[in-house]
Amino acid sequence: MSEQAVTAQSEDFSRWYNEIVYRADLAAPSPVRGCVIIKPYGYEIWEGIKGGLDRRFKATGHQNAYFPLFIPESYIKREAQHVEGFSPELAVVTHAGGKELEEPLVVRPTSETVIGEAFSDWIQSYRDLPLLINQWSNVVRWELRTRPFLRTAEFLWQEGHTAHATHDEAEEETLQMLDIYADFAVEDAAIPVIKGEKSRMERFAGALRTYTIEAMMRDKRALQSGTSHNLGQNFAKAFDIRYLAENNAQAYCWTTSWGLSTRMVGAVVMTHGDDKGLRLPPKLAPHQVVIVPIYRKDDQKPLVMETVNRLESQINAAGIRVHVDRREGQSPGFKFNDWEMRGVPVRVEIGPKDVENNNAVLARRDVPGREGKQFVSQDGIAGALDALLNAIQANLLEDARAFRDRHISDVGSYDEMRQVVEGGNWARAWWNGSDEDELTVKDETGATIRCFPFDQPGGRGFCVKTGQPAQKVALFAKAY
RNA sequence: CGGGGCGUGGCGCAGCCCGGUAGCGCGCACGGUUUGGGUCCGUGAGGUCCCCGGUUCGAAUCCGGGCGCCCCGACCA
């Protein structure tokens with residue numbers, strides 16, 4: 001368990017992050033380079049994320065399915081930009097069953113290709129459309145540098161794949177799913193995100209358009225937290241996904257894909273965490289409430305535990321995820337710190353005094369020290385907790401939003417942008433530059449275009465780089 | 001792939017320069033003590049010192065070779 005303070009965020013943010021991930025018991029190192037073991041506590045957070053998303057997917061008519069881990073190498077090569085984008089990071093199986101395979105098998109980096117191939121069989125008529133499929137799976141991308149949750153060689157995610165009759169329907173789906181990601185991020189993860197479109201350079205390999213939700217971490221770096229792609233007819237043509245229209249004419253489908261990964265766990269850590277550890281939004285917290293019993297001598301224990309057990313079932317009955325810390329060896333002070341490290345939103349302290357006075361101490365994780373503590377009556381404690389959890393959920397979101405907004409500036413010139421970005425902040429600037437200009441900016445400032453936000457100021461301005469008239473502003477930031 | 005660092009009980013490290021058969025903190029087990037903000041004391045378990053080879057009476061330590069990992073950059077959800 002944790003026994004000393006972690007490295008402060010202000011001192012070394014990545015070190016802080018790594019320490020938190022291990023000390024909050026989210027993950028453990030794996031024997032394979034670039035992979036991690038997701039421990040139960042970390043996995044429960046992922047399960048919360050899965051639950052929140054899956055519910056939304058189902059509500060919008062999507063069904064889950066599962067496609068194979070292995071993809072024939074030739075499939076990957078069918079869509080020109082797709083190969084180019086993914087080849088460098090593929091893991092390939094060349095041997096199996098004791099002999100060399102006739103055709104190497106790629107471990108999926110994403111499944112557009114296999115799913116596209118399947119779709120071409122499944123879809124015959126316009127009556128088969130739209131086809132709305134989602135898959136929960138693992139994928140492998142052999143990244144050069146990895147960090148737990150943010151970028152690992154193998155990661156868990158969901159990938160949605162849909163096929164539609166028209167471009168507009170596909171576009172509508174692409175945007176709907178982006179909205180779902182944003183809604184999940186804001187409502188469940190308490191992470192304020194900015195919706196926008198990716199630049200040509202940052203677009204998914206093989207997509208017509210890529211949309212993204214971008215979040216600001218506590219070190220002000222940007223984290224692409226979910227993407228939704230309108231694939232146009234690129235994959236439909238490569239995999240022959242056609243349908244017979246009402247007028248008896250063959251037409252290619254329009255497809256989309258969208259994904260969100262275990263990276264979101266990292267986003268939660270880096271958006272809300274502080275120097276004492278994790279701060280989990282109640283909606284995703286494996287334990288929303290932890291009860292720490294306090295007793296001096298053994299004769300006090302039965303009394304205290306009686307109350308604790310009673311409150312536990314009362315809180316449980318109210319649909320709140322509660323955990324009682326029954327460990328014997330540790331002092332209350334140790335437990336306080338331990339649960340703060342793990343980010344449990346509310347701690348309930350029950351000691352002899354509370355038993356006597358019919359009280360309980362509630363301590364909220366998002367407000368440090370005395371200020372975050374309050375006495376409440378044991379009667380109706382569930383109601384008090386419910387209100388408190390809602391307040392914490394809202395406060396974490398507000399806190400993150402205020403932090404983000406403080407660190408985004410509108411800039412009018414390239415020099416100004418440079419200054420803002422070099423200070424670690426985000427810059428909003430008019431842009432009409434070329435791919436090459438974008439690369440230059442990256443070279444010179446370290447920042448990339450995170451997106452062209454949907455929320456545009458309107459009117460027009462002059463591009464910070466080229467000085468030419470521009471219709472849109474872009475967000476620039478250093479990113480993970 | 002370029003630059004830097006490191007491989008010693010589960011984790012973090014010392015020992016290496018100057019060879020003599022391995023130690024500290026945390027964690028773990030047991031006993032006691034304590035418990036309203038990281039209690040304290042005692043006892044104990046646990047190690048192919050990354051690998052291979054060489055030098056030597058003797059190698060964690062010296063020499064040669066190899067492997068692995070981490071950090072910073074380029075690539076990326």
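Chain letters run A, B, ... following the sequence lines, proteins first and then strands; every chain starts at 1. Side chains are part of it too, since the values below use all heavy atoms of this structure and drop only hydrogens, waters and symmetry mates.
Aromatic ring orientation, His229(A) versus Phe204(A): parallel (interplanar angle below 30°, classes split at 30° and 60°).
Residue contacts for Arg347(A): at a heavy-atom cut-off of 4.0 Å it reaches a base atom on one of the strands shown. Within the 4.0 angstrom heavy-atom criterion, base atoms lie near Gly351(A). Contacts of Thr152(A) with the nucleic acid, taken as non-hydrogen atoms under 4.0 Å apart, include base atoms. At a threshold of 4.0 angstrom between heavy atoms, the contacts of Pro352(A) include nucleobase atoms, whether or not backbone atoms are also involved. If you check every strand for non-hydrogen atoms under 4.0 Å, Gln224(A) touches sugar and phosphate atoms only. Residue contacts for Lys297(A): at a heavy-atom cut-off of 4.0 Å it reaches no nucleic acid atom on any strand shown. Note on Thr227(A): nothing from the nucleic acid sits closer than 4.0 angstrom, heavy atoms only. Leu223(A) comes within contact range of no nucleotide atom at all, as no heavy-atom separation falls under 4.0 Å. Among the protein residues, Lys276(A) comes within range of the nucleic acid bases, having at least one heavy atom under 4.0 Å from a base atom. Note on Val361(A): a base of the nucleic acid sits closer than 4.0 angstrom, heavy atoms only. Residue-level contact check: Tyr22(A) touches neither bases nor backbone, having no heavy atom under 4.0 Å from any strand.
Spacing between rC30(B) and rC70(B) at atom P, rounded to whole Å, works out to 35 Å. Going from the P atom of rG23(B) to that of rG5(B) covers 31 Å, rounded to whole Å. Separating the P atom of rG4(B) from that of rU21(B) is a span of 37 Å, rounded to the nearest Å. Rounded to a whole angstrom, the distance from the P atom of rG9(B) to that of rC49(B) is 10 Å. For the C1' atom pair drawn from rG44(B) and rC6(B), the interatomic distance equals 32 Å after rounding to whole Å. Nucleotides rC75(B) and rC63(B), compared at atom P, are 40 Å apart to the nearest Å. The gap from the P atom of rG53(B) to that of rU61(B) amounts to 14 Å, rounded to the nearest Å. A gap of 31 Å separates the P atoms of rC69(B) and rC26(B), to the nearest Å.
When the nucleotides rC70(B), rU35(B), rC28(B) are ranked by their closest atom to the side chain of Arg296(A), rU35(B) comes out on top. Listed nucleotides: rG36(B), rG37(B), rC28(B). Nearest to the side chain of Gln330(A): rC28(B). Of the listed nucleotides (rG38(B), rC70(B), rU35(B)), rC70(B) has the atom at the smallest distance from the side chain of Arg33(A).
Residue-to-nucleotide contacts include no donor-acceptor pair under 3.5 Å from the side chain of Asp338(A) to the base of rG38(B). One can find a donor-acceptor pair under 3.5 Å joining the base of rG37(B) and the side-chain atoms of Glu340(A).
Of the side-chain N and O atoms in Lys442(A), one or more sit less than 4.0 angstrom from OP1 or OP2 of rC75(B).
Between His161(A) and Phe67(A), the distance from one ring center to the other does not fall under 6.0 angstrom. Side-chain rings of Phe454(A) and Tyr211(A) approach one another, their centers coming within less than 6.0 Å. Within the 6.0 Å centre-distance limit, the rings of Trp258(A) and Phe57(A) are counted as a close aromatic pair.
Stacking of Lys220(A) on the aromatic ring of Trp426(A) is not recorded, the 6.0 Å distance cut-off and the 45° axial limit not both being met. Under the 6.0 Å distance and 45° angle rule, Arg108(A) does not count as a cation-pi partner of Phe70(A). Arg218(A) forms a cation-pi arrangement with Phe403(A), by the criterion of a distance under 6.0 Å to the ring centre and an angle within 45° of the ring axis.
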Inset, instruction - Dot-bracket notation for RNA chain B is requested: 5' to 3', Watson-Crick or G-U wobble pairs only, both distances under 3.5 Å, with ( ), [ ], | and . as defined. - result: ((((((((.[[[[.)....(..]]]].(((((.......))))).....[[[[[..)....]]]]])))))))....

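When rounded to the nearest whole Å, the span between CD of Glu89(A) and C1' of rC1(B) equals 16 Å.
In this structure, the side chain of Asn138(A) does not engage the main chain of Glu154(A) through any donor-acceptor pair within 3.5 Å.
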